[in-house]
Amino acid sequence: QVHLVESGGGLVQPGGSLTLSCAASGFTFSSYPMRWYRQAPGKERELVADITRTGSNTMYADSVKGRFTISRDNAKNTVALQMNSLKPEDTAVYYCNAVLFNSNYWGQGTQVTVSP
C-alpha cells in the first residue's frame with residue numbers, strides 16, 4: 001500500500017532552518033511527481049513545492065521562493081524540503097503528497113513551528 005511518512009519538523013527561531021524528509025513506499029516512487037503542502041490552523045492546505053519524477057524541474061509557491069528547496073532521491077524513495085530563513089508565517093503542519101492511481105495520498109504530517 002502507498003505509504004508516506006514525514007519527519008524533521010520541530011520548533012525553530014525566525015531566520016532558522018529545518019529540513020523535512022518524506023519516506024515513500026508501496027509504489028514506484030521514481031514514476032511520479034511529488035509535492036509538499038502545508039496547512040496552518042484555520043487555513044486551507046497550501047501547495048508549497050512540487051518536483052518532477054527525475055527531479056529535473058521544480059516549482060514553488062511565491063511565499064517560499066528563494067527560501068525553500070525541494071529535492072528527491074529516487075534511489076532512497078525520499079523527497080526533502082530544505083527550509084531556510086523561516087518566518088512565523090511558515091508555521092504549519094507540512095505534508096508530503098503523491099498522486100497516483102487517480103488518487104491523492106498524504107503522509108501524517110510533521111509540525112513546523114517558527115517562533116522566538
Side-chain angles (χ1 to χ4, degrees):
Q1 293 191 0
V2 174
H3 194 51
L4 304 172
V5 181
E6 301 95 337
S7 62
L11 176 64
V12 65
Q13 293 180 313
S17 298
L18 282 175
T19 299
L20 308 182
S21 183
C22 172
S25 61
F27 65 103
T28 305
F29 179 77
S30 61
S31 294
Y32 299 91
M34 297 294 294
R35 305 176 186 129
W36 283 98
Y37 283 77
R38 67 186 182 188
Q39 187 166 23
K43 301 290 186 179
E44 296 291 322
R45 192 165 296 188
E46 172 191 24
L47 176 62
V48 174
D50 185 284
I51 189 166
T52 54
R53 289 174 291 177
T54 64
S56 61
N57 199 21
T58 59
M59 67 81 63
Y60 301 92
D62 287 342
S63 59
V64 307
K65 282 181 179 177
R67 300 188 297 120
F68 290 13
T69 302
I70 188 171
S71 61
R72 68 190 297 161
D73 186 339
N74 286 345
K76 297 180 178 179
N77 287 7
T78 59
V79 58
L81 186 68
Q82 173 68 50
M83 306 184 295
N84 298 322
S85 302
L86 284 161
K87 305 173 181 180
E89 53 262 44
D90 295 318
T91 296
V93 178
Y94 284 72
Y95 297 91
C96 183
N97 168 256
V99 180
L100 66 165
F101 314 125
N102 294 315
S103 297
N104 257 295
Y105 293 87
W106 303 91
Q108 82 290 345
T110 185
Q111 176 70 49
V112 173
T113 302
V114 185
S115 179

Could you tell me if the side chain of [Y] sits less than 4.5 Å from the side chain of [X], heavy atoms only?
X: S71; Y: Q82; answer: no
X: L11; Y: S115; answer: yes
X: I70; Y: D50; answer: no
X: C22; Y: W36; answer: yes
X: N97; Y: N104; answer: yes
X: L81; Y: T69; answer: no

Could you tell me which non-hydrogen atom of [X] sits nearest to which non-hydrogen atom of [Y], and how far apart they are?
X: A40; Y: A92; answer: N-CB, 3.8 Å
X: N84; Y: S17; answer: OD1-OG, 2.9 Å
X: L4; Y: A98; answer: CD1-N, 3.9 Å
X: T28; Y: Y32; answer: O-CD1, 3.2 Å

Taking [X] for its side chain and [Y] for its backbone only, find out whether a donor-acceptor pair lies under 3.5 Å.
X: E6; Y: G109; answer: yes
X: Q111; Y: G10; answer: no
X: R72; Y: T52; answer: yes

Is the closest side-chain donor-acceptor distance between T54 and S56 under 3.5 Å?
-> yes
E89 versus T91, side-chain donor and acceptor atoms under 3.5 Å = no
Using the six-membered ring wherever Trp is involved, compare the ring planes of F68 and Y94 and label them parallel, tilted or perpendicular (cut-offs 30° and 60°).
-> tilted
Could you check whether the rings of F27 and F29 sit parallel, tilted or perpendicular, using 30° and 60° as the cut-offs?
-> tilted
Under the side chain to side chain contact (heavy atoms under 4.5 Å, CB included) test, which residues partner D73, sequence neighbours left out?
-> A75, K76, T78
For S7, enumerate each residue passing the side chain to side chain contact (heavy atoms under 4.5 Å, CB included) test, keeping only those at least two apart in sequence or located in another chain.
-> S21
For side-chain contact (heavy atoms from CB on, under 4.5 Å), just list the numbers for Y37 and V48, CA-CA rounded to whole Å, side-chain angles, deciding distance to a tenth of an Å, and then say yes or no.
-> CA-CA 5 Å; Y37 283 77; V48 174; 5.5 Å; no
Rounded to the nearest 0.5 Å, the CD atom of Q13 sits from the OG1 atom of T113 at a distance of 13.0 Å
Measure the CG-OG1 distance between L20 and T110 for me, rounded to the nearest 0.5 Å.
-> 6.0 Å
For the hydrophobic clusters of this structure (ILVMFWY residues joined by side-chain heavy atoms under 4.5 Å, transitively), does one cluster hold both V93 and L86?
-> no
Consider only side-chain heavy atoms of I, L, V, M, F, W and Y, link residues closer than 4.5 Å, and tell whether V64 and I51 are in one cluster.
-> yes
Apply the test side-chain contact (heavy atoms from CB on, under 4.5 Å) to residues Q1 and S25: give CA-CA distance (whole Å), side-chain angles for both, the deciding distance (0.1 Å), then the verdict.
-> CA-CA 8 Å; Q1 293 191 0; S25 61; over 6 Å; no
How would you list all residue pairs meeting salt bridge (charged side-chain N to carboxylate O under 4.0 Å, His left out) that involve residues 51-70, not counting sequence neighbours?
-> D62-K65, R67-D90
R35 NZ/CZ over W106 ring centroid, <6.0 Å and within 45° of normal = no
Derivation of the side-chain contact (heavy atoms from CB on, under 4.5 Å) call for V99 and Y105 = CA-CA 6 Å; V99 180; Y105 293 87; over 6 Å; no
Evaluate side-chain contact (heavy atoms from CB on, under 4.5 Å) for S63 paired with R38, printing each intermediate quantity in order.
-> CA-CA 12 Å; S63 59; R38 67 186 182 188; 3.4 Å; yes
